[in-house]
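Below is one structure, written out as structure tokens; comments come after it.
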Amino acid sequence: MHLVDVTVESEQEPSMPDTPDPATEAFVAHRNLLFTVAYEMLGSAADAEDVLQETWLRWAGVDLGEVRDQRAYLVRITTRQALLRLRTLGRRKESYVGPWLPEPLLTTPDVAQDVELAESVSMAMLLVLETLSPTERAVFVLREVFGLDYDEIAEAVDKTQAAVRQIAHRARAHVAARRPREAISPAESRDAFTAFQRAVQTGDLQVLLDVLAPDVVLLTDGGGIKQAALAPIVGAADVAAVLGRVPASRSLVPAQVNGCPALVIRIDGELDTVLAVRVEGGLVTGLYAVRNPEKLSHMEQEIILSR
């Protein structure tokens, strides 16, 4: 699959002339928003980029004189294309080897500062969204993350407003029952992450056990390409044992991934694993290790997300 950057550089999207036409200007102005919508619905940057290419092709043929709200219209096209892509992804995931994790993004610092946006694109939340139906996911993302009105969402998902309200209520209840257990201040999160990083770097088993929650869960995604556990690893002792097997030749670099703290692990200089960290109550409760090399292409450059 041909991947394009999150800037406008694909063969199918417009080039940047000195005086871009109104359609191009509108698309570029909203592109980061559209990418964020598609990514939150799909959990895959590569698929989100494909959705944006399809969005541009359809947008380029629209009579702008008939469009009252360009932002809403573009979001509607993106949502419909993402819904089509979601069904394809569902079939692909059925044959995926081991746990499927979202594609990690190296995000800009401002994403972490927007608490709601950071939570919505976190590994933990994206996995919760995976448990929704495609339409529920679209409605939840558009309403709870991007604040669209029910009439706009109804047009995007081709449902009545009454149906959208029911779907939104059902999706909110579903997510509320599965989202992180308690809010934590950025300072507490940083302290716990720093202790975790130091313990992994030094191999201090006791410090590692102290910072891991008793019921911590480690998910590893190798995609059948890289070695990874085929089932979740649960419990501080078992998780600590796995982390202790990281080769001595590795380097650990802290990073902001999907708006949350993470460790980028390189072995002999090569990117090997992105380990996203979920912190609750001052303890690490979730670890998400993405090793599948096909999912690591967006870890060399920061991605701008917006809402």
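None of the values given here were measured: they were computed from a predicted structure.
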For [X] and [Y], which heavy atoms make the closest approach, and how far apart are they?
{"X": "Ala118", "Y": "Ala112", "value": "CB-CA, 4.1 Å"}
{"X": "Ala289", "Y": "Leu101", "value": "O-CD1, 3.6 Å"}
{"X": "Arg291", "Y": "Gly222", "value": "CB-CA, 4.3 Å"}
{"X": "Gly98", "Y": "Leu230", "value": "CA-CD2, 3.9 Å"}
{"X": "Ala38", "Y": "Ala48", "value": "CB-CB, 3.8 Å"}
{"X": "Leu205", "Y": "Ala240", "value": "CD1-CB, 3.7 Å"}

Establish, from distance only, whether the side-chain atoms of Tyr39 and Asn258 form a donor-acceptor pair under 3.5 Å.
yes

We want to know whether Thr285 and Glu280 form a side-chain donor-acceptor pair, criterion being a heavy-atom distance below 3.5 angstrom.
yes

Qualifying residue for side chain to side chain contact (heavy atoms under 4.5 Å, CB included) with Leu212, from Leu218, Val239, Val207
Val239

Salt bridge (Lys or Arg N to Asp or Glu O under 4.0 Å) partners of residues 145-154, not counting sequence neighbours, each pair once:
none

If I take atom [atom1] from residue [X] and atom [atom2] from residue [Y], how far apart are they, to the nearest 0.5 angstrom?
{"X": "Leu208", "Y": "Gln197", "atom1": "CG", "atom2": "CD", "value": "12.5 Å"}
{"X": "Ile167", "Y": "Thr160", "atom1": "CD1", "atom2": "OG1", "value": "8.0 Å"}
{"X": "Arg307", "Y": "Glu116", "atom1": "CZ", "atom2": "CD", "value": "4.5 Å"}
{"X": "His174", "Y": "Leu132", "atom1": "NE2", "atom2": "CG", "value": "5.0 Å"}
{"X": "Leu117", "Y": "Thr36", "atom1": "CG", "atom2": "OG1", "value": "6.5 Å"}
{"X": "Asp268", "Y": "Ser251", "atom1": "CG", "atom2": "OG", "value": "9.5 Å"}

Could you go through Glu130 and Trp100, starting from their C-alpha distance and side-chain angles, then the distance that decides it, and tell me whether this counts as side-chain contact (heavy atoms from CB on, under 4.5 Å)?
CA-CA 10 Å; Glu130 283 291 311; Trp100 180 95; 3.6 Å; yes

Please test Val139 against Thr135 for side-chain contact (heavy atoms from CB on, under 4.5 Å), starting from the C-alpha separation and ending with a verdict.
CA-CA 6 Å; Val139 170; Thr135 301; 4.3 Å; yes

Counting only N and O atoms by type, is there a donor-acceptor contact under 3.5 Å from the side chain of [X] to the main-chain atoms of [Y]?
{"X": "Glu103", "Y": "Gly43", "value": "no"}
{"X": "Glu136", "Y": "Ser133", "value": "yes"}
{"X": "Thr273", "Y": "Ile265", "value": "no"}

Quick check: is [Y] connected to [X] through a chain of hydrophobic side chains (ILVMFWY, heavy atoms under 4.5 Å apart)?
{"X": "Leu263", "Y": "Leu243", "value": "yes"}
{"X": "Val128", "Y": "Leu219", "value": "no"}
{"X": "Leu33", "Y": "Ile303", "value": "yes"}
{"X": "Leu127", "Y": "Leu305", "value": "no"}
{"X": "Leu83", "Y": "Leu126", "value": "yes"}

May I ask you to test the [X]-[Y] pair for a side-chain heavy-atom distance under 4.5 Å?
{"X": "Leu105", "Y": "Phe35", "answer": "yes"}
{"X": "Trp59", "Y": "Thr24", "answer": "no"}
{"X": "Gln301", "Y": "Leu106", "answer": "no"}
{"X": "Lys226", "Y": "Asp272", "answer": "yes"}
{"X": "Pro104", "Y": "His298", "answer": "no"}
{"X": "Val121", "Y": "Thr107", "answer": "no"}
{"X": "Asp221", "Y": "Tyr96", "answer": "yes"}
{"X": "Ile233", "Y": "Val217", "answer": "no"}

May I have the step-by-step check of side-chain contact (heavy atoms from CB on, under 4.5 Å) for Val111 and Gln256, ending in yes or no?
CA-CA 9 Å; Val111 174; Gln256 286 289 321; over 6 Å; no

So, Glu54 and Arg85, do they make that salt bridge, N to O below 4.0 Å?
no

Charged N to carboxylate O below 4.0 Å: is that the case for Glu270 and Arg266?
no

Can you name the residues that form a side-chain contact (heavy atoms from CB on, under 4.5 Å) with Leu84, not counting sequence neighbours?
Gln81

Go through the steps to decide whether Phe146 and Val141 satisfy the test side-chain contact (heavy atoms from CB on, under 4.5 Å), and finish with yes or no.
CA-CA 7 Å; Phe146 297 97; Val141 167; 3.4 Å; yes

Among all residues two or more places apart in sequence or in another chain, which pass the side chain to side chain donor-acceptor pair (under 3.5 Å) test with [X]?
{"X": "Asp204", "answer": "none"}
{"X": "Asp210", "answer": "Gln206"}
{"X": "Ser120", "answer": "Glu40"}

Answer yes or no: does atom NZ of Lys159 have more than 12 heavy-atom neighbours from other residues, nucleotides or ligands under 6.0 Å?
no

Taking the six-membered ring for Trp, are Phe193 and Phe196 parallel (under 30°), tilted (30 to 60°) or perpendicular (over 60°)?
tilted

Under the 6.0 Å and 45° cation-pi test, does Arg143 pair with Tyr150?
yes

Which atom pairs, one a donor and one an acceptor, fall under 3.5 Å between side chains of residues 72-80 and the rest of the protein, sequence neighbours left out?
residue: Arg76; atom: NH1; partner: Glu155; partner atom: OE1; Å: 3.4
residue: Arg76; atom: NH2; partner: Glu155; partner atom: OE1; Å: 2.8
residue: Thr78; atom: OG1; partner: Thr55; partner atom: OG1; Å: 3.3
residue: Thr78; atom: OG1; partner: Leu74; partner atom: O; Å: 3.0
residue: Thr79; atom: OG1; partner: Val75; partner atom: O; Å: 2.8
residue: Arg80; atom: NE; partner: Glu155; partner atom: O; Å: 3.4
residue: Arg80; atom: NE; partner: Ala156; partner atom: O; Å: 3.4
residue: Arg80; atom: NH2; partner: Glu155; partner atom: O; Å: 2.5

